[in-house]
Participant: 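Structure provided below as structure tokens; questions to follow.
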Amino acid sequence: MSKLKNFINGTFYEPLTKEYIKSYNPATGDPYMEVPSSGPDDIEMAVRAASRAFPTWSNFSIEKRARILIRIADLIEQNLEKLAIAESEDTGKPLDLAKTVDIPRAAQNFRFFGTAIRHFSSESHSMEGEGINFTLRKPIGIAGCISPWNLPLYLFSWKIAPALAAGNCVIGKPSEVTPRTAYLLSEIVKEAGMPNGVLNIVHGLGQKAGKALIEHPEVKIISFTGGSQTGIEIARIAGPMLKKMSLELGGKNPNIIFADCDFDKALNTSIKAAFRNQGQICLCGSRIFVQDKIYEKFKTEFVAKTYMMKIGDPMDKGTAMGSLVSESHLNKVLHYVNLAKEEGGNILTGGKQVHLKGRCAKGWFMEPTVIDGLPYNCRTNQEEIFGPVVTLIPFSTEQEVLEMANSVEYGLSASIWTQNLSRAHQMAEALNVGIVWVNTWMLRDLRTPFGGSKNSGLGREGGWEALRFFTEPKNVCISY
Ligand code: NAD
């Protein structure tokens, strides 16, 4: 079984704890890798390296930093196949998805921020004859970047690329469930000529390595993506230490389909929004509200399409649904299906574990599941399931659907399907979320603010928002 190592100061190290976590291939159910279970001493070693590297890296010219980031993007693209296989084996997602979405997007993140930093500028405020203010934006120091398992390299790079572009040093802690592409990134970073200590990648459990990273007094910026409860725990520690925080948390997103929509487009995109990556995307549209005039037609066609989805070996071409990420996560999702039944829901299709034959016989697969007949305010319709389970809920008026859509504790994203322009505008304004898509889903422009309201997070990532987050503004006022 292969053993991963931490990447600190440009060198690969065994964890000082000498402890490892077993990592599984969720599609086969077999253990296949050992991951360092790092502790506070490993974090300390990474902080020392980052702290030594900071004066040099933060004083590199923007052009020099940008070139290294773009070189990383190029190398990710050159290693697309290898990275995509690693991502698929770690997560159970279809290899095709990793090849066409996850890995290209990780390269794009580095290229985007390598370019953005060249164009980043700060404000000036003239005081009409009295003087002028201008704002300097300086890198802050050491950023702690913690990422989840659902889009491993995609989300890891979405944090570390802007942090590095802005001139900070980084200690990254990828999810212990899916650490392999972050490990491969360490090799790429070395090849790209990144100075030692600028990016350090420490593997381990959230409660141990992650917590030590959050608690370290020299780590002044925390960028976290993961569950809302974890985000709250992190804020409890980082808040009183006055650390700068960006928290990207859970979602329970409404997908609202009006009778005047482009029916085929709404139907086909809703299938993707429901089940892409086995429904394990924070932006998935898991509560599907359908206007009563088209409810029965939509339900029949949505269920038929769901039933036809091919569940299979993630390595096979044509597999639409791979495995869930772990046995415990599969059990959590199945538990929610039982809860839905107890709450009076009708399982229209799916609801069960799938046992494949051959290589994947012990894998953690599940049928895509559609449920209706549940009130909007029951637990199934309020809590994040984060799996291939969606509910259908009929509505008649805009007011009614708005109340139901906004009723959850989350506020990440929403989709609206309508041909009525004023309705689209009014709904977009009234939905209490950070991102609204009209007649689409997950169409991403990396320049736009990304993040959620309510328990879906704090702050925004993307574009200038990310570069502002990773820099400290200093106002300089000059009297004439
Ligand atoms: P998680 O919160 O369990 O773990 C996320 C990361 O935090 C992991 O690296 C984990 O090791 C670490 N961690 C856990 N406890 C910690 C602690 N006490 N201190 C420091 N670090 C800790 O989340 P997950 O199960 O990996 O991911 C799924 C969740 O992530 C879902 O809720 C999903 O909605 C959310 N998510 C949000 C976004 C977004 O952009 N808003 C994107 C993807 C996933």
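Starting from 1, each residue takes its place in the sequence as its number. All heavy atoms count here, side chains included; hydrogens, waters and symmetry mates do not. Counting starts at 1 for both ligands and their atoms, following the listed order.
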Participant: Check whether the side chains of S323 and Q278 place a donor and an acceptor atom closer than 3.5 Å, and report yes or no.
Facilitator: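 Side-chain D/A pair, S323 to Q278: absent.
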Participant: So, is K173 polar-close to ligand 1, with some N/O to N/O distance under 3.5 Å?
Facilitator: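 It does: an N or O of K173 is found under 3.5 Å from an N or O of ligand 1.
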Participant: Can you pull out the closest protein heavy atom to atom 27 (O) of ligand 1? Residue, atom name and distance to 0.1 Å, please.
Facilitator: P148 CB, 3.3 Å
Participant: Classify the side-chain pair K159/N109 by whether it contains a donor and acceptor separated by less than 3.5 Å.
Facilitator: no
Participant: Short N/O distance, under 3.5 Å, between E233 and ligand 1?
Facilitator: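 Between E233 and ligand 1 (N or O atoms, distance only) the closest approach is under 3.5 Å.
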Participant: Consider only side-chain N and O atoms of W149 and D90, and report whether a donor and an acceptor are under 3.5 Å apart.
Facilitator: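 Checked: W149/D90 side chains show no N/O donor-acceptor pair below 3.5 Å.
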Participant: Checking R447 now: which residues fulfil salt bridge (Lys or Arg N to Asp or Glu O under 4.0 Å) with it, not counting sequence neighbours?
Facilitator: D445
Participant: Would you mind checking which non-hydrogen protein atom is closest to atom 7 (O) of ligand 1, with the distance to 0.1 Å?
Facilitator: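 In this structure, atom 7 (O) of ligand 1 has F224 CE1, 3.1 Å as its nearest protein heavy atom.
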Participant: Test of understanding: given a 4.0 Å heavy-atom threshold, classify the contact between E461 and ligand 1 as side chain, backbone, both, or neither.
Facilitator: neither
Participant: Are any of the N/O atoms on T230, whether in the backbone or the side chain, positioned under 3.5 angstrom from an N/O atom of ligand 1?
Facilitator: yes
Participant: Tell me which one of S175, C282, S456 gets a heavy atom nearest to atom 38 (C) of ligand 1.
Facilitator: C282
Participant: Show which atoms of ligand 1 fall inside a sub-4.0 Å distance from at least one heavy-atom site of N150.
Facilitator: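 Under 4.0 Å from N150, ligand 1 has these atoms: 43 (C), 44 (C).
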Participant: Are any non-hydrogen protein atoms located under 4.0 Å from atom 4 (O) of ligand 1?
Facilitator: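 Answer no: nothing from the protein, no heavy atom, is under 4.0 Å.
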Participant: Which ligand 1 atoms, with their elements, are less than 4.0 angstrom from a heavy-atom of W149?
Facilitator: 24 (P), 25 (O), 26 (O), 27 (O)
Participant: What's the shortest distance from atom 37 (C) of ligand 1 to any protein heavy atom, and which residue and atom give it?
Facilitator: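 I find the closest protein heavy atom is L249 O, 3.1 Å.
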Participant: Give a yes or no on whether the backbone of E14 and the side-chain of K3 come within a donor-acceptor separation of less than 3.5 Å.
Facilitator: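 Here the side-chain-to-backbone pair does not exist.
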Participant: Which bit of V177 is near ligand 1, meaning a heavy atom under 4.0 Å away: side chain, backbone, both or neither?
Facilitator: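 No part of V177 is near ligand 1 at this cut-off.
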Participant: For M442 and S413, what are the C-alpha separation, side-chain angles and deciding distance, and is it a side chain to side chain contact (heavy atoms under 4.5 Å, CB included)?
Facilitator: CA-CA 9 Å; M442 217 173 151; S413 69; over 6 Å; no
Participant: Within less than 4.0 angstrom of ligand 1, does G452 place any heavy atom?
Facilitator: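 False for this residue.
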Participant: Angle between ring planes, F386 versus H329, binned at 30° and 60°: parallel, tilted or perpendicular?
Facilitator: perpendicular
Participant: Checking a contact table here: which protein heavy atom is nearest atom 20 (C) of ligand 1, and how many Å away?
Facilitator: G210 C, 3.3 Å
Participant: Heavy atoms only, cut-off 4.0 Å: how does I146 contact ligand 1, side chain, backbone, both, or neither?
Facilitator: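 For I146, the contact with ligand 1 is made by the side chain alone.
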Participant: For ligand 1, which is the ligand I care about here, please tell me if G226 has any N or O atom under 3.5 Å from one of the ligand's N or O atoms.
Facilitator: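 Among all N and O atoms of G226, at least one is under 3.5 Å from an N or O of ligand 1.
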Participant: Give yes or no for whether the N/O distance cutoff of 3.5 Å, strictly under, is met between G206 and ligand 1.
Facilitator: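 Such a contact does occur with ligand 1.
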Participant: Any salt bridge linking E472 with K220? Criterion: basic side-chain nitrogen under 4.0 Å from a carboxylate oxygen.
Facilitator: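 No, E472 and K220 are not salt-bridged.
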Participant: Looking only at protein heavy atoms, identify the closest one to atom 28 (C) of ligand 1 and say how far it is in Å.
Facilitator: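 The protein heavy atom lying closest is F386 CE2, 3.6 Å.
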Participant: Check Q229 against ligand 1 and report side chain, backbone, both or neither, counting heavy atoms closer than 4.0 Å.
Facilitator: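 No part of Q229 comes within reach of ligand 1.
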Participant: Where does A209 meet ligand 1, judged by heavy-atom distances below 4.0 Å: at the side chain, the backbone, both, or neither?
Facilitator: neither
Participant: Have a look at ligand 1 and work out which part of L283, if any, has a heavy atom under 4.0 Å from it: side chain, backbone, both or neither.
Facilitator: neither
Participant: Has the side chain of E87 got a donor or acceptor atom that lies under 3.5 Å from a matching backbone atom of I103?
Facilitator: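 Checking the backbone N and O of I103 against the side chain of E87, no donor-acceptor pair under 3.5 Å is found.
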Participant: Could you check if a side-chain atom of L283 sits within less than 4.5 angstrom of a side-chain atom of W437, using non-hydrogen atoms only?
Facilitator: yes
Participant: So do the side chains of F7 and Y183 get within less than 4.5 Å of each other, counting heavy atoms only?
Facilitator: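 In short, these two side chains do not touch, never coming nearer than 4.5 Å.
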Participant: Is it true that a side-chain atom of S38 and a backbone atom of A209 form a donor plus acceptor pair closer than 3.5 Å?
Facilitator: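 Side chain of S38 to backbone of A209: no pair is present.
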